[in-house]
Amino acid sequence: MPEDEILKQRTDKLKRLREEEGYDPFKVEKWDRKHTLGYVKEKYEYLKPDEMGEEDIETAGRIMTIRKHGKASFLDLADEYDTIQLCFQVNAMGEDQYSFFKKWVDTGDFIGIVGKPIRTRRGELSILVKEFKLLSKALRPLPEKWHGLKDTEIRYRQRYVDLIANPDIRDTFRKRAKIIRAIRDVLEKHGTIEVETPILSPIAGGANARPFITYHNALGINLYLRIATELYLKRLIVGMLGRVYEIGKNFRNEGIDIMHNPEFTALEVYWAYADYEDIMNLTEELVVAAADAVGQRKINYQGTELILEPPFRRASMKDLVKEYCGYDLSSIESDEEARAFAKKKGLEIKGNESRFVILAELFETFVEDKLIQPTFVIGHPTEISPLAKRNPENPDFTNRFELYIYGNEVANAFSELNDPLDQRERFMDQARKKEEGDEEAHVFDEDFITALEYGLPPTGGLGVGIDRLTMFLTNSRSIRDVILFPTMRPKQ
RNA sequence: GGGCCGUUAGCUCAGUUGGCAGAGCACCGGACUUUUAAUCCGGGUGUCACAGGUUCGAUCCCUGUACGGCCCA
């Protein structure tokens with residue numbers, strides 16, 4: 001039957017219910033749910049076939065299936081966590097209620113029930129219902145009961161249908177909540193305060209990315225959706241908040257794929273008086289707390305075992321690139337030589353890359369996807385790290401690390417650059433890159449320099465991709481499986 | 001941005017070398033007091049994504065478009 005016909009049929013049924021019975025399920029305001037299905041399942045597990053519990057259970061849920069047998073019927077009732085069978089029998093609830101049920105109740109409807117726990121002859125823990133109340137009606141049919149809902153397009157566009165039909169998906173989002181809760185707990189424990197910084201701002205800085213642009217009518221100016229929280233959070237360290245963090249959405253105007261959604265959730269943390277090694281320890285603590293929150297440190301991700309047990313492997317970018325593609329920076333004498341090497345390796349060369357940029361590009365091409373187990377990659381070139389403090393022994397490199405899991409960047413952190421003079425130069429270098437056509441180069445933020453001129457203490461900072469971390473911890477293949485309403489192109 | 005794949009009933013999917021469009025579940029009517037993929041009897045509910053083209057005839061072949069997925073940059 002076409003969906004609009006079912007819709008019409010059920011709408012008519014609702015109308016008749018209102019007229020013939022004087023009952024309007026949409027006028028019901030509440031139901032006192034004294035017990036959950038989980039409570040019943042746990043407490044009455046012991047019941048033997050044909051045995052009945054003494055307690056009156058008062059619970060509620062959505063009817064998932066109905067098996068009608070004349071004067072007795074069986075329903076599967078689901079609440080947010082569990083499903084339990086209900087027995088509807090004429091001699092338990094009386095003629096009136098039973099015929100009301102037969103006439104007016106459909107799968108998808110919400111009902112509240114009162115009844116006693118029993119185990120049926122066939123061994124199924126159930127509730128023998130003596131009273132029920134129709135709490136709300138479904139006018140559209142549920143997806144098919146065996147296969148659930150598979151169509152990715154409907155799953156993402158109408159997540160509510162996905163969540164009804166595929167209980168596992170509900171579990172993924174519960175785990176996501178637990179992960180974020182665990183992260184907050186660790187940070188609070190370390191005296192880090194949660195703050196909120198602007199999403200709309202005149203300058204979108206703190207990362208290499210293109211922003212979304214919007215327009216403020218009253219001010220008559222363009223504003224940008226943030227691409228990172230970094231520059232605002234560091235201003236707060238200047239402002240002596242000591243330790244701050246923010247968990248929130250960032251927005252990057254780029255493509256959508258299995259690892260990228262235009263809006264995504266990031267954690268950023270800044271600790272005064274800490275360096276990147278302290279932050280590395282913190283990162284391990286956060287990842288492990290997140291893993292523990294959802295159950296375990298050894299996880300199966302898409303058939304690969306990932307072991308989230310600290311200490312994570314630590315390796316320098318230079319060594320990794322040397323190991324995986326033979327590029328030994330210490331023996332490279334010129335940028336030309338570096339470019340020639342890269343070209344031989346099949347990289348596309350523009351012609352102005354430095355030996356450091358080549359290092360980073362070789363890393364991306366030849367190393368990244370090999371880093372399956374959690375690995376801290378340390379020591380990124382200064383040229384590609386415009387907000388990170390230089391390594392005092394080798395100023396071409398920074399005290400920075402990224403955490404890779406399953407070939408993907410999950411965290412990025414460094415000792416923060418707090419020298420306003422150097423920061424100005426770095427921004428100017430970025431501005432040059434922008435002029436040369438790099439649309440993702442950092443924007444010059446004069447007020448941020450001003451803030452640094454007031455004095456930023458030595459500070460360690462961290463960014464973590466919450467969606468990606470959640471993917472690994474929930475064995476989700478796509479970032480869209482851990483975002484409730486992923487970005488979709490509008491239909492038509 | 002490029003390549004490949006997909007789009008058929010509410011859902012999961014068949015199918016047609018180009019000739020009246022199929023199944024299971026769901027849904028509607030009936031029977032049934034222990035089912036749990038209930039069973040039995042009856043009912044097919046569709047713009048075969050959209051727009052063109054080829055053809056006597058297109059859901060099928062061709063072109064384009066939309067949306068989705070995968071891979072690559």
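Chain letters run A, B, ... following the sequence lines, proteins first and then strands; every chain starts at 1. All values reported here derive from a predicted model rather than from experimental measurement.
Sorted by first and then second residue, the ring pair (Phe, Tyr, Trp, His ring centres under 6.0 Å) pairs with a member in residues 461-485 of chain A read A/Y301-A/F472; sequence neighbours excluded. Within the structure, side-chain hydrogen bond (donor to acceptor under 3.5 Å, both in side chains) pairs that include any residue of residues 357-372 of chain A comprise A/E368-A/Y404 (at least two apart or interchain). Here side-chain hydrogen bond (donor to acceptor under 3.5 Å, both in side chains) pairs that include residues 80-89 of chain A, with residues two or more places apart or in two chains, are A/R33-A/E80, A/R67-A/Q85, A/Q85-A/S126.
Comparing the P positions of B/G15 and B/G6 gives an interatomic distance of 12 Å, to the nearest angstrom. Using C1' as the reference atom, B/C71 and B/G10 are 32 Å apart when rounded to the nearest Å. A gap of 28 Å separates the C1' atoms of B/G22 and B/A31, to the nearest Å. For the C1' atoms, the distance from B/G52 to B/C70 is 29 Å, rounded to whole Å. The separation of B/C25 from B/C20, taken at their P atoms, amounts to 26 Å, rounded to a whole angstrom. Comparing the same atom, P, in B/A38 and in B/C48 gives a spacing of 32 Å after rounding to whole Å. B/G2 and B/U59: their C1' atoms are spaced 30 Å apart (whole Å). Using atom C1' as the reference point in both B/A66 and B/C28, the two lie 35 Å apart (nearest Å).
For A/F366, there are no ring pair (Phe, Tyr, Trp, His ring centres under 6.0 Å) partners at least two apart in sequence or on another chain. The side chain to side chain donor-acceptor pair (under 3.5 Å) check on A/K137 picks up A/D106, A/D109, with sequence neighbours excluded. Residues meeting the side chain to side chain donor-acceptor pair (under 3.5 Å) test with A/K133, sequence neighbours left out: none. Residues satisfying the side chain to side chain donor-acceptor pair (under 3.5 Å) test with A/Q430, not counting sequence neighbours, are none. By the side chain to side chain donor-acceptor pair (under 3.5 Å) test, A/Y215 pairs with no residue at all, sequence neighbours left out. With sequence neighbours excluded, the residues satisfying side chain to side chain contact (heavy atoms under 4.5 Å, CB included) with A/I164 are A/R62, A/M64, A/L142.
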Name the pairs: protein N/O against N/O of nucleotides 71-73 of chain B, kept only if under 3.5 Å.
none

Kindly give the atom pairs (protein nitrogen or oxygen, nucleotide nitrogen or oxygen) under 3.5 Å for nucleotides 29-33 of chain B.
{"from": "B/C32", "atom 1": "N3", "to": "A/G70", "atom 2": "N", "distance (Å)": "3.1"}
{"from": "B/C32", "atom 1": "N4", "to": "A/G70", "atom 2": "N", "distance (Å)": "3.4"}
{"from": "B/U33", "atom 1": "OP2", "to": "A/K71", "atom 2": "N", "distance (Å)": "3.1"}
{"from": "B/U33", "atom 1": "N3", "to": "A/N91", "atom 2": "OD1", "distance (Å)": "3.3"}
{"from": "B/U33", "atom 1": "O4", "to": "A/N91", "atom 2": "ND2", "distance (Å)": "3.4"}

Listing time: all N or O pairs from protein to nucleotides 9-12 of chain B that are below 3.5 Å?
{"from": "B/G10", "atom 1": "OP1", "to": "A/E3", "atom 2": "N", "distance (Å)": "2.8"}
{"from": "B/G10", "atom 1": "N7", "to": "A/M1", "atom 2": "O", "distance (Å)": "3.1"}
{"from": "B/C11", "atom 1": "O2'", "to": "A/E144", "atom 2": "N", "distance (Å)": "3.3"}
{"from": "B/C11", "atom 1": "O2'", "to": "A/G148", "atom 2": "O", "distance (Å)": "3.1"}
{"from": "B/U12", "atom 1": "OP1", "to": "A/K150", "atom 2": "N", "distance (Å)": "2.9"}
{"from": "B/U12", "atom 1": "OP1", "to": "A/D151", "atom 2": "N", "distance (Å)": "2.8"}

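Figure legend. B/G64 is base-paired to B/C50; pairs are counted as Watson-Crick or G-U wobble with both atom distances under 3.5 Å. If you check B/C4 for Watson-Crick or wobble pairing at under 3.5 angstrom, you find it paired to B/G69. Base pairing analysis places B/A23 opposite B/U12; the two distances defining the Watson-Crick or G-U wobble pair are each below 3.5 Å. Applying the Watson-Crick and G-U wobble criteria (two distances, each under 3.5 Å), B/A58 pairs with nothing in any strand. Base pairing analysis places B/C32 opposite nothing; no Watson-Crick or G-U wobble pair with both distances below 3.5 Å involves it.
Within the structure, a side-chain polar atom (N or O) of A/R67 is placed less than 4.0 Å from OP1 or OP2 of B/A38. Taking only side-chain nitrogens and oxygens, A/R140 never comes nearer than 4.0 Å to OP1 or OP2 of B/A26. The shortest distance between the side-chain N/O atoms of A/S478 and the OP1/OP2 oxygens of B/C70 is not below 4.0 Å. Not one side-chain nitrogen or oxygen of A/K145 sits closer than 4.0 Å to the OP1 or OP2 atom of B/C27. The shortest distance between the side-chain N/O atoms of A/R489 and the OP1/OP2 oxygens of B/A66 is not below 4.0 Å.
Across the interface with RNA chain B, nearest-nucleotide mapping of A/D106 and A/D76 shows A/D106 to be the residue nearer the 5′ end. RNA chain B is contacted by both A/K13 and A/G123; A/K13 maps to the nucleotide lying nearer its 5′ end (nearest heavy atom per residue).
At whole-Å resolution of the value, CD in A/Q302 and P in B/C70 are 11 Å apart. Rounding to whole angstrom units, CD1 of residue A/I256 and P of B/G1 are separated by 12 Å. Between the P atom of B/A26 and the CD atom of A/Q9 lies a distance of 15 Å, rounded to the nearest Å. If you measure from atom NE2 of A/H260 to atom C1' of B/C70, you get 16 Å, rounded to the nearest angstrom. One can place CD1 of A/I164 at 15 Å from C1' of B/A26, the figure rounded to the nearest angstrom. Taking atom CD on A/E439 and atom P on B/G1, their separation rounds to 13 Å, with Å as the unit. The distance between atom CG of A/D12 and atom C1' of B/C27, rounded to the nearest whole Å, is 14 Å. The nearest whole Å value for the distance from the CG atom in A/L7 to the P atom in B/C28 is 13 Å.
Remark: A/K68 is positioned above the aromatic ring of A/F101, its terminal NZ or CZ atom under 6.0 angstrom from the ring centre and at most 45 degrees off the axis.
The number of heavy-atom neighbours closer than 6.0 Å to CD of A/E19, taken from other residues, nucleotides and ligands shown, is above 12. Within a 6.0 Å radius of CD in A/E42, no more than 12 heavy atoms belonging to other residues, nucleotides or ligands are found.
Across all strands shown, A/S126 has no heavy atoms under 4.0 Å from either base or sugar-phosphate atoms. Nucleic acid contact for A/T120: base, since at least one base atom lies under 4.0 Å from a heavy atom of the residue. A/R155 comes within 4.0 angstrom of nothing in the nucleic acid, heavy atoms only.
Side-chain proximity of A/E153 to B/U34, B/C67, B/C27: nearest is B/C67.
Between A/E383 and the options A/K433, A/R426, A/R355, a side chain to side chain donor-acceptor pair (under 3.5 Å) holds for only A/K433. Tested against A/R176 for a side chain to side chain donor-acceptor pair (under 3.5 Å), the candidates A/D467, A/T470, A/D171, A/T474 yield a single pass: A/D467.
Look at A/E440 and A/R210 and you find no salt bridge, because none of the NZ, NE, NH1 or NH2 atoms lies under 4.0 Å from a carboxylate O.
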